Amino acid sequence: MSWLDHIHRDPVPWLLDPENPSVRLLTLRHIFNRPEESLDAEYRAVLAWKPVQTFLRYADPVSFWGRSENPFFGAAAGTFGILYTLAQLNVPRYNMILDACEHLLNRGRLADGRFAPDAAQPEIWLCYTGMALQLLHHFGFGDDPRVQSACSALTQAILQQPRQLFCPIAGDECAAGFVKALAGLESIPTAARTPENTQALEKLADRLLRWPFDWERRHADWLRLRFTRYYETDLLELAHVLAHSGNTGHPRLREFTTRLAEQQDDEGRWHKTRAAALEMQAERIFQPSRWLTFEAVHTLMLVYGGNAYASRGTT
């Protein structure tokens with residue numbers, strides 16, 4: 001059974017529209033499997049795109065998008081949040097962005113390697129550390145000892161210090177935090193992962209696959225899809241992250257993808273049904289979203305196979 005058996009109409013040609021260069025790049029990279037060296041023009045288009053240039057234009061050279069002493073100030077609209085957004089858009093390395101990443105490493109990291117918005121209340125860290133690992137690996141800081149110490153802190157907490165996974169906001173373990181942490185571990189290149197990294201990744205994935213989701217009540221908001229995201233998540237990000245974890249045949253993941261497929265429209269497109277944490281006006285709420293559709297299609301391809309586009313390499 002192919003991914004096309006779970007979709008009403010193939011939306012991949014729609015994803016290639018240069019109107020959204022971010023989705024076009026993501027599609028060429030992850031669906032067509034275009035090599036990185038062939039994507040220079042696409043990366044330049046993303047960097048030149050008006051929403052991205054707006055972010056860069058309003059950055060201060062000292063405090064960037066927040067306060068100089070606190071990169072988390074401003075939440076999704078602050079330095080940390082905008083870096084996370086730029087990584088989600090697949091924006092390439094750029095001097096201002098690299099300086100902001102250094103600022104995050106210098107001002108947003110605890111002594112033990114974790115990332116937390118408040119050193120006086122470091123218990124709120126799991127989602128932030130997962131998000132930081134994603135954006136720092138994306139912008140080329142994966143080999144930095146400060147990033148590696150964050151990977152180690154996250155790994156050790158998962159494997160040996162489960163009480164550190166307690167979220168005071170959730171009042172218990174937090175599924176959204178687990179999604180962000182799992183995505184953070186998955187951002188480590190496979191060849192660079194230690195056996196402990198892999199073990200922690202597998203443990204988090206197993207925990208999410210066994211999580212008692214209540215889609216009708218407690219987790220109903222997860223069915224409202226959004227992009228870009230901050231520390232909140234949804235069913236689509238959950239399924240996409242789990243599809244990368246090597247559990248594509250797991251019955252629970254198949255259950256999630258079945259529920260996900262039910263949300264497409266007649267054109268095989270997924271709609272944005274929740275306001276984004278940081279609105280860029282690139283896509284309107286309750287309208288088809290190229291970002292969400294790319295993510296859904298890629299998830300279905302990873303789980304069910306049948307991606308004929310991968311053999312083409314170009315468009």
Side-chain angles (χ1 to χ4, degrees), residues 25-26 29-30 33 35-36 39 43 71 80 83-93 97-98 100-102 104-106 108-116 125-162 164-165 173-209 228-231 233 237-248 250 253 295 298-299 302-303:
L25 171 59
L26 289 164
R29 186 183 188 202
H30 296 289
N33 288 347
E36 285 293 303
L39 294 171
Y43 277 113
F80 177 78
L83 284 174
Y84 187 53
T85 292
L86 295 174
Q88 292 175 79
L89 302 184
N90 223 16
V91 174
R93 290 163 59 88
I97 296 172
L98 301 183
C101 287
E102 281 287 348
L104 173 63
L105 284 163
N106 291 331
R109 181 173 157 272
L110 301 176
D112 63 4
R114 296 178 297 161
F115 288 82
W125 69 277
L126 186 62
C127 54
Y128 290 99
T129 300
M131 295 155 69
L133 289 177
Q134 291 176 64
L135 73 89
L136 289 166
H137 276 95
H138 173 76
F139 290 119
F141 286 80
D143 292 333
D144 191 296
R146 295 166 295 179
V147 176
Q148 292 179 352
S149 74
C151 294
S152 178
L154 176 58
T155 296
Q156 293 307 311
I158 295 165
L159 297 180
Q160 300 178 12
Q161 300 167 312
Q164 281 201 12
L165 305 181
E173 292 181 339
C174 176
F178 283 0
V179 170
K180 303 300 182 181
L182 179 56
L185 290 175
E186 289 177 347
S187 69
I188 305 171
T190 303
R193 292 175 192 168
T194 66
E196 291 76 17
N197 293 153
T198 301
Q199 186 180 355
L201 189 156
E202 292 171 350
K203 187 171 182 178
L204 272 188
D206 180 68
R207 185 71 184 90
L208 284 169
L209 288 165
T228 58
R229 304 181 182 95
Y230 193 49
Y231 55 68
T233 188
E237 186 179 21
L238 168 69
H240 197 213
V241 169
L242 285 172
H244 281 283
S245 72
N247 289 279
T248 55
H250 196 287
L253 179 53
E295 197 171 4
H298 191 224
T299 299
L302 290 172
V303 173

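Bear in mind the structure is a predicted one, so any value in this text is a computation, not a measurement. Heads up: numbering here begins at 1 and tracks the sequence.
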Note: Asn197 and Thr155 closest approach over all heavy atoms is ND2-OG1, 2.9 Å
On the 0 to 90° scale, with breaks at 30° and 60°, tag the Phe80-Tyr230 ring pair as parallel, tilted or perpendicular.
perpendicular
Test item: Asp206 side-chain N/O and Glu202 main-chain N/O as donor-acceptor pair under 3.5 Å:
no
If every non-hydrogen atom of Ala181 is compared with every non-hydrogen atom of Leu126, which pair is closest and at what distance?
CB-CD1, 3.8 Å
Sort and list the pairs that fulfil ring pair (Phe, Tyr, Trp, His ring centres under 6.0 Å) and have at least one residue in residues 174-199, not counting sequence neighbours.
Phe178-Trp211
I need the minimum non-hydrogen distance between Leu253 and Ala239, along with the two atoms involved.
CD1-O, 3.8 Å
Would you name the heavy atoms of Cys127 and Tyr231 that are closest together and state the gap between them?
SG-CB, 3.9 Å
Using atom types as modelled and distance alone, determine if a side-chain donor or acceptor of His138 lies under 3.5 Å from a backbone N or O of Gln134.
no
Arg193 bridged to Glu186 by N-O distance under 4.0 Å
no
With distance as the sole test, does His244 use its side chain to make a donor-acceptor pair with the main-chain N or O of Leu182 at under 3.5 Å?
no
Under a 4.0 Å N-O cut-off, is there an ion pair linking Lys203 with Glu196?
no
How many angstroms lie between atom CG of Leu238 and atom CG of Leu209, to the nearest 0.5 angstrom?
8.0 Å
Could you pull out all residues at least two apart from Arg29 that satisfy salt bridge (charged side-chain N to carboxylate O under 4.0 Å, His left out)?
Glu36
So, Arg109 side chain and Arg146 main chain: donor-acceptor pair closer than 3.5 Å or not?
yes
Quick one: pull up CD in Gln164 and CD1 in Ile158 and give me the separation to the nearest 0.5 Å.
10.5 Å
Please say whether more than 12 non-hydrogen atoms of neighbouring residues, nucleotides or ligands are located less than 6.0 Å from CG in Asn106.
yes
For Arg207, the salt bridge (charged side-chain N to carboxylate O under 4.0 Å, His left out) test, sequence neighbours excluded, returns Glu173
Please confirm whether the backbone N or O of Gln148 pairs with a side-chain atom of Ser152, one donor and one acceptor, at under 3.5 Å?
no
Kindly compute the distance separating CZ (Phe141) from CG (Leu135), expressed to the nearest 0.5 Å.
9.5 Å
